[in-house]
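Source: prediction; values computed, not measured. Each chain gets a letter, A, B and so on, in the order the sequences are listed, and its residues count up from 1.
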Amino acid sequence: MSDAFSRRVFVVVRRIPPGRVATYGLVAVLVGRPLAARAVGNVMRHCEDDGVPCHRVIHATGRPAFPRHATRLRREGVRFSDARVDLTRHLWRPRLP
DNA sequence: CGTGTGACCTAAG
DNA sequence: ACTTAGGCCACAC
């Protein structure tokens, strides 16, 4: 998909550094649609992982969408406490331009 | 143009 | 700490 919204979502997700994560809601904020968290999820659903680190976008509870994402995150040094990411430690806090 | 759906979020109980 | 209910947005039909 290459509509405007999806592109902006992917641009943001590509900027998430290794070892950090963003929630769907945070991505929504960063693309300028603070209430479009669900739509972000829809975009990620069709993500074919072409250079986009979709495993770094997780649920607000700290649970990745799929277990395989958790293993990739662990490989990047992300710490889990009981199957959820320690958000206080790993939530991405981008520098605002 | 109306409806249903989804890798969501938050507040409340 | 779970579960619900309500809300919001983009997209496919």
* Between C:dC8, C:dC11, B:dC9, which nucleotide gets closest to the side-chain atoms of A:Ala60? -> B:dC9
* Whole-Å gap separating P (B:dT10) and CG (A:Leu26) -> 11 Å
* Structure fact -> A:Asn42 CG to C:dC8 P, in whole Å, measures 17 Å
* Give A:Ala37 one of three labels, base, sugar-phosphate or nothing, depending on what nucleic acid heavy atoms sit under 4.0 Å from its own. => sugar-phosphate
* How would you label the contact of A:Arg84 with the nucleic acid (heavy atoms, under 4.0 Å): base, sugar-phosphate, or nothing? -> sugar-phosphate
* Structure fact -> Closest to the 5' end of DNA chain C, once A:Val43 and A:Arg38 are matched to their nearest nucleotides, is A:Arg38
* Pairwise distance CD1(A:Ile58) to CE(A:Met44) - rounded to 0.5 angstrom -> 12.0 Å
* To do: Rounded off to whole Å, could you give me the CZ-to-P distance for the A:Arg7 and C:dC11 pair?
  => 11 Å
* Asked: Rounded to the nearest 0.5 Å, how far does CG of A:Leu26 lie from CZ of A:Arg93?
  -> 9.5 Å
* **Nucleotide of C:dC11, B:dC9, B:dG6 approaching A:Phe5 most closely (side-chain heavy atoms)** => C:dC11
* A:His55 and A:His69 aromatic ring geometry - parallel, tilted or perpendicular at 30°/60° bounds -> tilted
* **pair A:Glu76-A:Leu73: side-chain heavy atoms closer than 4.5 Å** => yes
* Asked: Nearest-Å distance, CZ (A:Arg63) to C1' (B:dC8)?
  -> 15 Å
* Asked: Which pair of heavy atoms, one from A:Ser6 and one from A:Val43, lies closest together, and at what distance?
  -> OG-CG2, 3.8 Å
* When the distance from CG of A:Leu35 to P of C:dG6 is rounded to whole Å, what number comes out? -> 18 Å
* **A:Arg33 or A:Asp82, whichever maps to the more 5' nucleotide of DNA chain C** => A:Asp82
* In whole angstrom, what separates A:Phe66's CZ from B:dG6's C1'? -> 12 Å
* Asked: Between B:dC9, C:dC9, B:dG6, which nucleotide has the shortest distance from any of its atoms to the side chain of A:Ala36?
  -> C:dC9
* To do: Figure out the NE2/C1' separation between A:His46 and C:dA10, and round it to whole Å.
  => 11 Å
* **Length of the NE2-P vector between A:His59 and C:dA1, whole Å** => 16 Å
* Which one, B:dC9, C:dC11, C:dC2, comes nearest to the side chain of A:Tyr24? -> B:dC9
